[in-house]
Colleague: 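Below you'll find the structure I mean.
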Amino acid sequence: MTQQGQTYEEVYRYSIEQPEAFWAEQARAIDWQRPPERILDYSHPPFRRWFVGGTTNLCHNAVDRHLAARADQLALVAVSTETGLTRELTYRQLHREVNAAAAVLKSLDVGRGDRVVVYMPNIAEAVVVMLACARIGAIHSVVFGGFAAHNLALRIDDARPKLLVCADAGMRGGKVVRYKPLVDAALEEAAHPPPHVLVVGRGLDPDLRRVDGRDLDYAELVGRHADADVPVEWLESNAPSYLLYTSGTTGKPKGVQRDVGGYAVAMALSMRTVYDVGPGQVMFSTSDVGWAVGHSYNVYGPLIVGATSLLYEGLPTSPDAGIWWSLCEKYGVRTMFSSPTGVRVLKKHDPAFLRKYDLSALKWLFLAGEPLDEPTARWINEGLGKPVIDNYWQTETGWPVLCLLPGLDLKPGKFGSPGLPNLGYRLRVIDETTGQDAAPDQKGVLVIQPPLPPGCLSTVWNDDKRFLSSYFSHFKELLYSSLDWAVRDADGYTFILGRTDDVINVAGHRLGTREIEEVVSGHPAVAEAAVIGCADELKGQVPVVFATLRAAGDNAARAEAARGMSARVVEQLGAVARPARVYIVGALPKTRSGKLLRRSLAAISERRDPGDLSTLDDPNALEEIKRALVRGP
Ligand code: ATP
Ligand code: MG
């Protein structure tokens, strides 16, 4: 294992030059029922298997293993400002609940290798059901609660579950979102509906309808199995543990399949080195359990290392914009994890909230999921007076690809860059046309040299072909890429410039929309900006800006802000990047996970079909954009 006092450079080099020795050491951080026979099998590239022949279990490592030393320590705190309820579960209590839930699953004939779709809000039961699946070797597929019935039906047909577990309802901004009618509609539509639906009743839906023989009450069944002890199912390291769909920013979501052993080892390593959280310490991730961050850093990561995980259902601004920080004070949070989108929401509120609470325990704020623009990073860094660390990763990788590692020696950050390659990741920036390594400061496509490290996806569920075509078919060489455009500087820091299809060509100049967004966001009136390329007869493409303002002003103020944005772009990037049009709108279209849907913005700006909108958060945002386009800038 990595030793105290080792530098990032030393450990990184070791992880790349002697991967099997490095990962064999990391594997000791988790419990194995049978130790691995081989660390790596790479006989069928790009498929790879880590810790071959070893058997282990995620639930054992996340729960049972801690009972000896920390049974009475909090494992999970689930706070809801929507219902006003907080649940605090110690490891002993979590163990009990997970055993009861596992017994319920078994009583419904769910076993090893069976899929269970989980359609729940951010509540403790979601975590309990995930762990119960892991315990018995069932494969969970968490679908973000509140997705429309059609999206749920598509995922059901892809996963073909034996069981669906849902809540009666979720809540958002004080409004009840009834889930059960959506489940009913999804099961109508699905070609492969599961025989049973297990409903967690939160008492939010007085009109809850049950289908006889199909729908079962969670509390009632758990009550019947309250004292059950369900032995853990030991699984070969490469057995599937769960499925999780990507955000759908670039098109139809892909069903990422994760393994057991490699994932557990990657979680243990990253909790220590990236997030600097160990046994007994508290981590607060604001993510929903339905996303990759939620799986890794609300559930498996913190629990595997014996930490306390804080789960939050509610808006970042309710009851006021200080809620996150008041929770940090109350629970002594050491590491907080959120997204740039989340911070931009707070940016519309009084920065005094950032200083209102005692944050002496808080050491780090991590942000991931989207480009972190410098103005947002500075605002939160200065407001909190805490280090703010940008992480770059993907649903596919399951843990950070680019980061800084405070658990080793923390390197200085550079605004606009998520930092350096994480341990075990061989990263390259490749010239799109020549397929050669790009020189420092030269733009190219970010790729991972396979074999992918532990923790990353094994394949696309039931679709090895899509795994190969989506990720490994872009270059002559066998290289993994999700097609993000990047540049690496002479110090080895990588800057993400956006997705390759976000690169626009203005009169022969290649511009990253991200670069323009960064400059526009620096305008003091701007809350958030999206820049897209729009077809233009003369120049090929021109940049078009959509922006929301921090304070809604009158027409004159809006026009003034729009002029100011253009002026900044010309000043900082040159006249070639001058926005052809600047639209000021009330909201930008985003995925449910908070990512800007630039491809849909670009499509409707060019009056094309906006494409797959299944993960769009608020359809009104897109409607408003359409109206703005008709009205003109
Ligand atoms: P889909 O793959 O379905 O189109 P998606 O790529 O948005 O959706 P995710 O796995 O949620 O699905 O997001 C990963 C992507 O998010 C990365 O490939 C990158 O484009 C972007 N991203 C994540 N973190 C950062 C970051 N720190 N800086 C810049 N971009 C980031
Ligand atoms: Mg992607």
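Atoms within a ligand are numbered from 1 in the order they appear, just like the ligands themselves.
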Colleague: Check each of H295, R258, R115, Q257 against Y242 using the side-chain hydrogen bond (donor to acceptor under 3.5 Å, both in side chains) test, and report the only one that passes.
Modeller: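 Result for side-chain hydrogen bond (donor to acceptor under 3.5 Å, both in side chains) with Y242: R258.
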
Colleague: Charged N to carboxylate O under 4.0 angstrom, K414 versus D489?
Modeller: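 A salt bridge is present here (some side-chain N lies under 4.0 Å from a carboxylate O).
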
Colleague: Please name all residues satisfying ring pair (Phe, Tyr, Trp, His ring centres under 6.0 Å) with Y392, sequence neighbours left out, ordered by chain then number.
Modeller: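 Residues passing ring pair (Phe, Tyr, Trp, His ring centres under 6.0 Å) with Y392: none at all.
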
Colleague: Listing by chain and number, which residues have a heavy atom under 4.0 Å from ligand 1?
Modeller: T246, S247, G248, T249, T250, K254, G369, E370, P371, D390, N391, Y392, W393, Q394, T395, E396, S482, D484, I496, R499, K595

Colleague: Partners of K626 by salt bridge (Lys or Arg N to Asp or Glu O under 4.0 Å), sequence neighbours excluded?
Modeller: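 For K626, the residues satisfying salt bridge (Lys or Arg N to Asp or Glu O under 4.0 Å) (neighbours in sequence not counted) are E623.
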
Colleague: Ring pair (Phe, Tyr, Trp, His ring centres under 6.0 Å) with F475: which residues, sequence neighbours excluded?
Modeller: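 Not a single residue meets the ring pair (Phe, Tyr, Trp, His ring centres under 6.0 Å) criterion with F475.
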
Colleague: Relative to the ring of F337, is the ring of W393 parallel (under 30°), tilted (30 to 60°) or perpendicular (over 60°)?
Modeller: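 Rings of W393 and F337: tilted, 30 to 60°.
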
